[in-house]
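Below: the structure, in structure tokens.
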Amino acid sequence: MLWLLWLGFALGISGGKLVAMSQTNTRLSRIFQQMADVLEVLGANRFKVIAFQKAARVLGELAEDVAVMDSKTLRAVDGIGKGMADRIEAFVQTGELAEAAELMGKVPSGVVMMLDVPGLGPKTVSVLWREAGLNDLDDLAKALDTGELEKLAGFGKKKIENIKKNLVFAKEAGKRARIGEAMAMALWFIDQLKGLKQVKRIEYAGSLRRGKETIGDLDLLVAADADDVGGIMDAFVGLEPVVDVIAKGKTKSSVRTGESSGAAGSSKGGGISGGGIQVDLRVVPIESYGAALMYFTGSKEHNVRLRERAISMGMKLNEWGLTKQDSDEVVASGSEEEVFEALGLAWVPPELREDRGEVALADKDDLPLLIELSDIKAELHTHTTASDGMWTIEQLALAAAERGFHTVAITDHSKGQVQANGLSDERLEKHIVAVRRVAEKLRGKITVLAGSEVDILTDGRLDYPDSLLKELDVVVASPHAALTQEPAKCTARFLKAIENPYVTIMGHPTGRLVGRREGLSPDMGALFKAAAERGIAMEINANHWRLDLRDTHARAAIAAGVKLAINTDAHGPGDLDQLQFGVLTARRAGVTKSDVVNCMTKAGLAKWLKSTR
DNA sequence: GCCGTTTTCGGCCCGACTGTTTTCAGTCG
């Protein structure tokens with residue numbers, strides 16, 4: 001029960017309107033972040049700066065549109081107090097925030113952009129602006145060459161060289177790698193280092209361990225004896241993809257990788273992280289491993305919450321362990337479980353460590369039992385050579401069986417997907433026969449269902465007539481075109497599709513591509529309500545380019561009582577491995593196996609499919 | 001600016017690394 005309350009609270013669900021990504025929330029989040037930046041350069045109270053940063057973060061993650069939230073609910077949101085609520089309401093009323101405009105007028109935007117240069121913080125930027133008269137990155141580049149900056153206090157040769165070197169990364173700031181890329185890279189680094197005899201334990205931490213859809217930098221944690229640290233650091237910075245050593249110390253090193261390091265294993269060009277990625281390596285003694293893993297996994301906000309709790313209990317928490325405040329006696333440090341327990345908390349799964357109420361739930365031992373990868377027993381969205389896949393029906397079915405699935409649905413594209421060789425009505429009819437033939441052949445090994453990923457046309461009609469859809473076991477209805485439709489229009493479009501009596505799953509509902517395409521912003525609350533009433537499932541498309549529904553949507557979906565489907569949308573070998581990213585996304589949403597149709601037994605799934613008709 | 005089973009004022013997490021420093025400030029996560 002408490003869990004559901006938390007869901008409601010975290011999402012701000014109070015009968016309000018739920019949108020994919022509220023324009024108001026996004027714009028205000030951006031404005032508050034800019035205000036925080038300007039305040040920082042102006043040397044404002046740092047807690048005030050933090051308050052603006054937090055408000056920006058909270059608004060960016062909020063699933064409900066602040067424009068339709070009532071005043072009381074707004075003020076109940078963690079991180080939004082009277083001041084922020086007043087600003088939000090003023091912005092909603094007038095469409096602007098005079099205070100923000102005034103603030104931005106005090107510091108040139110080019111000066112604020114200097115904060116994006118790694119190593120340049122508010123203090124340094126303030127000096128460059130006020131004392132050296134630099135107004136933007138171009139000014140900075142020129143000043144670095146003339147040598148005039150050496151006259152400034154605190155500016156030595158090395159510092160100037162570093163700024164010069166880091167200037168190019170200002171443009172890369174904020175660019176993040178998709179989780180699929182980051183995971184491959186992290187595993188590559190771990191593979192290289194785990195063979196060293198000094199390494200007792202190694203794993204990735206940070207936002208990758210938390211399963212975020214994009215990752216800013218890789219965090220690796222190693223357990224080793226103090227005497228062995230030097231050798232490990234040397235090996236780390238000497239690895240082939242490393243092009244720059246940012247820091248190298250006794251317990252911590254940071255490097256940057258090259259643009260096309262073989263480690264990335266990325267087959268698709270473009271995307272978010274055009275350049276390399278920063279990798280941080282932290283080495284601690286095995287006795288501190290648990291505390292260090294917590295520290296390094298974050299999130300920062302979650303850690304702050306735990307440290308505050310430690311203080312209130314007369315203890316101190318850092319990466320070395322949980323200690324008594326007065327005596328420095330170590331209370332817990334070896335494992336995460338021990339540290340959480342000593343704090344009076346249940347162990348919190350990494351995916352929930354975002355300071356969204358999980359500590360309060362852990363305090364009551366009321367955390368949800370999150371879905372696991374091994375809970376998935378069926379794949380309901382796949383493509384074969386009939387449309388744009390690389391597998392034959394049988395190859396695909398056998399691959400699914402090999403993974404221990406009891407059911408797989410073949411769902412090739414519909415005729416509107418010309419570029420993907422979508423099936424005409426006639427071809428689909430023949431395809432169904434072919435699928436049934438394979439199903440018969442593999443009977444006993446795996447259940448093979450005939451399906452289709454049918455396009456939701458721009459007006460909400462489906463790409464096949466009902467008479468044909470009726471013949472299918474699974475109908476995944478997805479948008480592939482008109483992905484810039486107005487929210488109201490696409491909401492109506494999707495509601496109409498959900499009404500179709502033969503739809504079983506709504507596939508990748510926003511059509512976004514992580515870091516590349518924004519996708520649609522339908523009224524998700526309305527879709528979830530309709531889907532729940534119809535009894536159909538909403539998909540978490542597990543492909544790391546999509547992750548659609550995203551985590552916040554999935555959370556809102558289960559709160560609304562909607563069943564979820566986690567599918568890979570597999571087009572060929574290897575794609576079934578994408579399932580892990582869908583499961584991570586679901587876990588971040590607090591999803592349990594009972595929320596997901598792919599976790600049902602064979603009979604249970606068959607019964608559910610029937611129930612959607 | 002936010003927040004509160006030590007509450008409406010007085011706090012607000014903690015440590016590593018770097019560079020320019022003779023003991024520390026700035027930045028980062």
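Order of the sequence lines sets the chain letters (A, B, ...), proteins ahead of strands, with each chain counted from 1.
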_A:Lys164/A:Glu161 ion pair, N-O < 4.0 Å_ = yes

*What is the pairing partner of B:dG4, taking Watson-Crick or G-U wobble pairs with both distances under 3.5 Å in any strand?*
B:dC9

Using atom types as modelled, flag every donor-acceptor pair under 3.5 Å from a side chain in residues 189-197 of chain A to any protein atom, sequence neighbours excluded.
from	atom 1	to	atom 2	distance (Å)
A:Asp191	OD1	A:Lys194	NZ	3.2

Sugar-phosphate only, base, or nothing, as touched by [X] at under 4.0 Å among non-hydrogen atoms:
{"X": "A:Arg282", "result": "sugar-phosphate"}
{"X": "A:Leu317", "result": "sugar-phosphate"}
{"X": "A:Asp217", "result": "sugar-phosphate"}
{"X": "A:Lys54", "result": "nothing"}

*Residues in ring-ring contact (aromatic ring centres under 6.0 Å, His included) contact with A:Tyr295, at least two apart in sequence or another chain*: none

In chain order, what residues pass the side chain to side chain contact (heavy atoms under 4.5 Å, CB included) check against [X], with sequence neighbours excluded?
{"X": "A:Pro118", "answer": "A:Asn166, A:Phe169, A:Arg256"}
{"X": "A:Ala342", "answer": "A:Leu322, A:Val331, A:Ala332"}
{"X": "A:Gln93", "answer": "none"}

*Give the rounded distance in Å between these two atoms: NZ of A:Lys158 and C1' of B:dC17.*
12 Å

*Atom-to-atom span, CG of A:Asn162 to P of B:dA25 - whole angstrom*: 21 Å

*Taking only heavy atoms on the protein side, list every residue of residues 120-128 of chain A lying under 4.0 Å from any atom of DNA chain B, sorted numerically.*
A:Leu120, A:Gly121, A:Pro122, A:Lys123, A:Thr124

*Considering residues at least two apart in sequence or located in another chain, which fulfil the side-chain hydrogen bond (donor to acceptor under 3.5 Å, both in side chains) criterion with A:Lys165?*
A:Asp244

Restricting both atoms to N or O, compile the protein contacts to nucleotides 1-10 of chain B shorter than 3.5 Å, with distance only.
from	atom 1	to	atom 2	distance (Å)
B:dG1	OP1	A:Arg87	NH2	3.0
B:dC2	OP1	A:Gly81	N	2.9
B:dC2	OP1	A:Met84	N	2.9
B:dC2	OP2	A:Gly83	N	3.2
B:dC3	OP1	A:Gly79	N	2.7

What distance, rounded to whole Å, do you find between the two [atom1] atoms, one in [N] and one in [M]?
{"N": "B:dG15", "M": "B:dC9", "atom1": "C1'", "result": "29 Å"}
{"N": "B:dA16", "M": "B:dT22", "atom1": "P", "result": "22 Å"}
{"N": "B:dC14", "M": "B:dT8", "atom1": "C1'", "result": "28 Å"}

Please output the side-chain donor-acceptor pairs of residues 139-157 of chain A that fall under 3.5 Å, not counting sequence neighbours, one pair per line with the distance.
from	atom 1	to	atom 2	distance (Å)
A:Asp139	OD2	A:Asn135	N	2.8
A:Thr146	OG1	A:Ala143	O	3.1
A:Thr146	OG1	A:Glu148	N	3.3
A:Thr146	OG1	A:Glu148	OE2	2.9
A:Glu150	OE1	A:Lys157	NZ	3.4

*Hey, what's the ring geometry for A:His302 with A:Phe340, parallel, tilted or perpendicular (30° and 60° as the breaks)?*
tilted

